Amino acid sequence: MPYENHSVHRQMHDAIAAVDRIILGKSLETRLASCCLIAGGHLLVEDLPGVGKTTLALAMARVYGLDYKRIQFTSDLLPADILGVSIFDASTARFRFEAGPIFSDVLLADEINRASPKTQSALLEAMAEGQVTVEGETRPLPSPYFVIATQNPRDQLGTYPLPESQLDRFLMRVSLGYPPAEAELQLLRDSDHRRMVDDLAPVLDRDAVHAIQAAVAAVHVSEAAARYILALVQHSRSLPGLRHGLSPRAGLAIRRAAQAWALLEGRDGVLPEDIQQVFAPVAGHRLHASADSELEAPTARDILSAVAIP
């Protein structure tokens, strides 16, 4: 392992360990969240209220030394509440743009599926292009830019399903779930857990995150690894019970996430196990059951089990 990647591996180990001290008993999920960040993607956390989704977003921002803002999505939230508006300044006789909370390194879109589809779509350009267009003017967003959206289960009252175009902008989807009994007992014993979050010190900073993201892009993807990703993607397109298979964009997302996972493991090249580790979080929310099929829709795990490593 070259020195540069050894240093990155150590930095990421320290950052993930710091988040793990806050999100107890969920080391795989916190690792995937960090993998998503350094891959330059966005994260969807789907789960019940009260299992630590908001705490995860705040801990990630603090540990990685990034600015953080939160938007509580509600049914009456408007796109302007997210993007910002121009206000007339009488003292200068000019309009002044007041930036909305979307202009932040880390944006927590809390309970995103409680807002209307029109408001949800205000994030599309931001997540895809790293910019927003407000009143005809394009404005760049900070870099790095990381959206963590939380989503309540779709059977809860007052929720709107995210459209497929919105789901596709999330590199990964994870679910925290209930903590293990020992971790939950530790949480109950610790009366100062909230103070621990508030007192989190940065392990990295914006420049370090940029450098790590550049290192991810340099991780080698061999011909065999690329063919394995292609085989997984193509197999999904032949399965009955799915509305459609994985798109070429999904294949690129799998590749990028696998590069990030390999870097977390301290490697300069992607191995099949890196692809397998990230495949379900990357592909799961992109697989949609066919409405007219009586068959149970295949899962990402089913696809992994059916495709041999080339």
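Predicted model, so just to flag it, every value in this text is computed and none were measured. We're numbering straight along the sequence, starting at 1. All values below were derived from every heavy atom in this structure, side-chain atoms included, with hydrogens, water molecules and symmetry-related copies excluded.
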Lys/Arg-Asp/Glu bridge criterion (N-O < 4.0 Å) met for Lys53, Asp47:
no
Sorted by chain and number, sequence neighbours left out, side chain to side chain donor-acceptor pair (under 3.5 Å) with Asp14 holds for none
Regarding Arg31 and the six-membered ring of Trp261, is the cationic atom NZ or CZ under 6.0 Å from the ring centre and inside 45° of its axis?
yes
Restricting to non-hydrogen atoms, name the atom on Leu83 and the atom on Phe97 that form the minimum distance, rounded to 0.1 Å.
O-CZ, 3.5 Å
Heavy-atom count check: over 12 atoms from other residues, nucleotides or ligands less than 6.0 Å from Tyr178 OH?
no
Among residues two or more places apart or on two chains, list those pairs meeting side chain to side chain donor-acceptor pair (under 3.5 Å) that have a residue in residues 127-137.
Ser86-Glu135, Glu125-Gln131, Glu125-Thr133, Thr133-Thr138, Glu137-Arg139
Show me, pair by pair, the donor-acceptor contacts under 3.5 angstrom made by side chains of residues 214-223, not counting sequence neighbours?
from: Ser222; atom 1: OG; to: Ala225; atom 2: N; distance (Å): 3.1
from: Glu223; atom 1: OE2; to: Arg227; atom 2: NE; distance (Å): 3.0
from: Glu223; atom 1: OE2; to: Arg227; atom 2: NH2; distance (Å): 3.2

Could you tell me whether a side-chain N or O of His235 sits under 3.5 Å from a main-chain N or O of Leu230, the two making a donor and an acceptor?
no
Taking the inter-plane angle between the rings of His42 and Phe146 on a 0 to 90° scale, is it parallel (under 30°), tilted (30 to 60°) or perpendicular (over 60°)?
parallel
Ignoring hydrogens and angles, state whether a donor on the side chain of Thr30 or Asp20 is under 3.5 Å from an acceptor on the partner side chain.
yes
Taking side chain as C-beta onward, heavy atoms only, is Glu29 less than 4.5 Å from Leu56?
no
Walk me through it: do Leu66 and Asp205 pass the test side chain to side chain contact (heavy atoms under 4.5 Å, CB included)?
CA-CA 7 Å; Leu66 302 173; Asp205 57 22; over 6 Å; no
When clusters are formed from ILVMFWY side-chain contacts under 4.5 Å, directly or step by step, what else is grouped with Leu185?
none
How is the hydrophobic cluster of Val85 composed, in terms of its other members, when Ile, Leu, Val, Met, Phe, Trp and Tyr link through side-chain heavy atoms under 4.5 Å apart, directly or indirectly?
Ile87
Once rounded to the nearest 0.5 Å, what's the spacing between atom CZ of Phe103 and atom CD of Glu98?
11.5 Å
Determine, stepwise, if the pair Tyr68 / Leu108 fulfils side chain to side chain contact (heavy atoms under 4.5 Å, CB included).
CA-CA 8 Å; Tyr68 166 86; Leu108 172 61; 3.3 Å; yes
Under the salt bridge (Lys or Arg N to Asp or Glu O under 4.0 Å) test, which residues partner Arg206, sequence neighbours left out?
Asp67, Asp105
Does the side chain of Gln151 come under 3.5 Å of the side chain of Glu111 through a donor N or O and an acceptor N or O?
no
Sorted by chain and number, sequence neighbours left out, side-chain contact (heavy atoms from CB on, under 4.5 Å) with Leu204 holds for Gln11, Met12, Ala15, Tyr64, Ala208, Ile212
Check whether any side-chain N or O of Lys69 sits under 3.5 Å from a backbone N or O of Ser104 as a donor-acceptor pair, and report yes or no.
no
Output yes when a side-chain donor or acceptor of His244 lies under 3.5 Å from a complementary backbone atom of His288, and no otherwise.
no
hydrophobic_cluster_shared for Tyr228 and Leu252, side chain cutoff 4.5 Å:
no
Between Leu171 and Arg256, does the side chain to side chain contact (heavy atoms under 4.5 Å, CB included) criterion hold? Intermediate values first, please.
CA-CA 9 Å; Leu171 179 66; Arg256 186 157 36 114; 4.0 Å; yes
If only atom types and distance count, is the side chain of Asp168 paired as donor or acceptor with the main-chain N or O of Ser165 below 3.5 Å?
no
Holding to side chain to side chain donor-acceptor pair (under 3.5 Å), I want the full list of residues that pass it with Ser247, two or more places apart in sequence or in another chain.
none
Partner residues of Thr74 under the side chain to side chain donor-acceptor pair (under 3.5 Å) criterion, sequence neighbours left out
Asp76
Which residues pass the side chain to side chain donor-acceptor pair (under 3.5 Å) test with Ser305, not counting sequence neighbours?
none
Partners passing ring-ring contact (aromatic ring centres under 6.0 Å, His included) against His13 (at least two apart in sequence or in another chain):
none
Do Ile71 and Asp110 have side chains that approach each other closer than 4.5 Å (heavy atoms only, starting at C-beta)?
no
Who pairs with Arg237 by salt bridge (Lys or Arg N to Asp or Glu O under 4.0 Å), at least two apart in sequence or on another chain?
none
Audit row: Ile303, Phe279, side chain to side chain contact (heavy atoms under 4.5 Å, CB included) steps and yes/no
CA-CA 9 Å; Ile303 296 172; Phe279 183 73; 3.9 Å; yes
Assigning hydrophobic clusters by single linkage (Ile, Leu, Val, Met, Phe, Trp, Tyr; side-chain heavy-atom cutoff under 4.5 Å), is Val51 placed with Ile22?
yes
Is a side-chain N or O of Ser236 found less than 3.5 angstrom from the main chain of Leu246, in a donor-acceptor match?
yes
Quick one: does any side-chain atom of Gln213 pair with a main-chain N or O of Leu37 as donor and acceptor, under 3.5 Å?
yes
State whether Arg62 and Asp199 are salt-bridged, where the test is any N-O pair (Lys NZ or Arg NE/NH1/NH2 against Asp/Glu carboxylate O) under 4.0 Å.
no
